[in-house]
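See structure below.
In the text below, chain A, chain B and the rest are named by the order of the sequence lines, each starting its count at 1. Given the structure is predicted, the values throughout are model-derived calculations rather than measurements.
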Amino acid sequence: MAPLISIKNLYFSYGEQLVLENINLDVNRGDFLAILGPNGSGKTTLIKLILGLLKPQKGEIRLFGQPSATFKERWRIGYVPQRAIARVDPVFPVSVAEVVSFGLLPKKSFPRFMKASDWEAVRRALRQVEMEAYERRKLSQLSGGQQQRVFIARAIVAQPEVLILDEPTTGVDVTTQERFYDLLGLLNQKGLTIIIVTHDIGIVNKHVKQVACLNRRLVYHGTHEEFCSSPRLKEYVGEHHLVVHRH
Amino acid sequence: MFWDFWQYNFFLRALVAGFFLAVAAAILGLYLILRKDAMLGHGLTHIAFAGVAVALFFDVVPFPVALLAAGLAAFFILKIREKAGLYGDTAVAIFSSLGMAVGIILASVAKDFNVNLLSFLFGNILAIRDIELYGAVFLAFGVIGALIFFYHELIYVTFDEESARAAGLAVDRLDALLALLTAITVVIGMKIVGLLLVSALLVIPGAAALQLAGSFKKCTLLAVVLGAVSVVGGLNLAIILNWPASGAIVVTSGGIFLLVAALKRLRSA
Ligand SMILES: Nc1ncnc2c1ncn2[C@@H]1O[C@H](COP(=O)(O)OP(=O)(O)O)[C@@H](O)[C@H]1O
Ligand SMILES: [Mg+2]
């Protein structure tokens with residue numbers, strides 16, 4: 001079976017600055033991939049290329065076997081952007097249910113009205129992230145951890161096959177982070193393919209199955225076990241003082 | 001008594017035209033505020049002013065010319081922002097001052113239409129003609145219809161542009177739609193409350209509703225109600241006190257804003 005996401009000989013630069021160099025990476029169904037790398041190593045850029053927000057100068061990205069440039073079924077990839085919480089405007093009048101419902105729009109065609117069954121799907125997604133009690137609350141009144149769950153619900157409400165999260169736990173306390181990773185582990189067990197981007201090696205925890213280390217080039221790509229048994233790699237990522245927990 | 005005015009045709013016409021303008025402007029204004037683009041409406045009024053001056057100068061009907069000018073300017077403002085990466089406000093400021101300059105030059109060269117030009121600055125809702133009424137209501141229906149049909153997309157793009165783009169929504173086209181609707185609304189408002197005051201109807205009801213609402217749906221409905229109340233209340237005030245209608249409408253909406261702000265403080269206290 002073709003990989004869900006296939007990246008071949010990918011190059012990308014912002015103007016003169018080469019940010020990604022000859023990236024080759026496959027993501028298969030059921031993977032739980034952590035993309036690690038220091039700040040500025042090109043992680044967010046790689047994600048934006050996968051999502052079609054940026055166009056590669058060289059190389060190719062295929063999504064579900066189709067060239068990404070012509071890929072239309074965007075709902076099959078759920079996305080939680082970097083600093084989603086930090087960007088929540090406290091004034092913006094939007095309820096939790098409304099935010100989650102946005103995730104259904106790519107699945108609809110014009111006119112994109114919401115039906116009763118759509119609000120039912122919204123409720124189901126909120127139940128999955130244990131936020132159904134907050135359905136009617138204003139988004140900006142929730143804590144950072146709660147908002148993060150709402151963004152996950154938005155990303156999974158259309159029942160995508162891949163979920164991509166860009167540094168989702170920035171600004172969320174440690175206890176909440178652990179519950180958050182447990183939630184991701186559960187979603188992955190249920191068959192959702194997950195790609196999580198982080199510069200924090202400490203998150204490579206019990207749930208992650210594959211690890212990719214990025215620093216302009218892909219300096220490592222392999223299973224979690226190999227990664228953990230190779231201290232040199234951890235040093236390369238630059239946060240060797242952090243212990244990788246294995247539960 | 002002033003209730004008698006409700007029997008007069010001119011008053012009913014003013015109510016109908018003002019009502020639809022207020023509804024369209026209130027919803028649209030909410031998006032503009034949340035995009036930190038409230039000045040777009042204000043800037044487009046200046047362009048429409050230039051359009052009116054050009055039309056009067058060449059002695060043609062002002063409305064289509066103003067609509068064309070405002071629509072084109074909205075389009076170019078978007079393009080300039082995209083290409084030159086100018087701050088949104090800067091592109092608006094450049095265009096609006098150019099519009100004002102053209103208007104003033106034409107007015108001074110032609111001299112004889114100054115009075116006519118003034119009526120577009122301050123509006124004259126009580127003297128609106130049938131054809132203008134139908135035109136305004138027709139256009140307002142178009143704006144309100146577009147806002148209903150693109151309701152969810154417009155919120156998503158306003159709330160989180162990057163995710164909307166990643167989801168495959170036509171973000172650039174939605175931006176252009178909002179700019180076009182703003183241009184149309186400004187031109188409808190031109191005859192009703194006047195170019196100088198139409199941006200008040202765009203911004204004040206939305207700003208008031210934002211203080212209270214916890215969901216976008218409630219906020220939209222509240223903005224619509226507050227906008228409509230401003231127009232109906234303002235027109236009655238104008239009749240009772242013999243004030244200019246446009247001034248009375250905007251003062252009423254300002255009063256509602258203060259009331260709502262006070263209400264919010266009470267609720268949070
Ligand atoms: N829009 C942009 N224009 C120019 N340079 C950028 C832009 N976005 C990111 N960069 C640069 O590209 C490099 C990689 O950025 P990014 O992909 O955001 O890294 P990461 O997510 O790993 O922290 C950085 O050096 C950053 O400064
Ligand atoms: Mg990043």
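Contacts between residues 250-264 of chain B and chain A, defined by a heavy-atom separation under 4.5 Å, are made by no residue at all. Contact annotation for residues 94-122 of chain A against chain B (heavy-atom separation below 4.5 Å, listed by residue number): A:Val94, A:Ser95, A:Glu98, A:Val99, A:Phe102, A:Leu105, A:Pro106, A:Phe110, A:Pro111, A:Arg112, A:Phe113, A:Met114. Residues of residues 162-179 of chain B that come within less than 4.5 angstrom of chain A, heavy atom to heavy atom, are B:Glu162, B:Ser163, B:Arg165, B:Ala166, B:Ala167, B:Gly168, B:Leu169 in numerical order. Contacts of residues 200-229 of chain B with chain A at a heavy-atom distance below 4.5 Å involve B:Leu210, B:Ala213, B:Gly214, B:Ser215, B:Phe216, B:Lys217, B:Cys219, listed in sequence order.
For the atom pair CG of A:Asp89 and CZ of B:Arg35, the computed distance is 13.0 Å after rounding to the nearest 0.5 Å.
For A:Ile50, no part sits under 4.5 Å from any heavy atom of chain B, backbone or side chain. For chain A, no part of B:Ile33 is nearby; none of its heavy atoms comes within less than 4.5 Å. In this structure, chain B has a heavy atom under 4.5 Å from the side chain of A:Lys48, while its backbone stays farther away.
Residue-environment remark: OH (A:Tyr11) exceeds the threshold of 12 foreign heavy atoms within 6.0 Å. Open room surrounds CZ on A:Arg136; 12 or fewer heavy atoms of other groups in view lie less than 6.0 Å from it. Counted within 6.0 Å of OH on A:Tyr134, heavy atoms from surrounding residues, nucleotides or ligands total 12 or fewer; the atom is thus considered open. Taking a 6.0 Å sphere around CZ of A:Phe71, one finds it holds more than 12 heavy atoms contributed by other residues, nucleotides or ligands.
Chain B forms the most heavy-atom pairs under 4.5 Å with one residue out of A:Tyr79, A:Phe92, A:Trp75, and that residue is A:Phe92.
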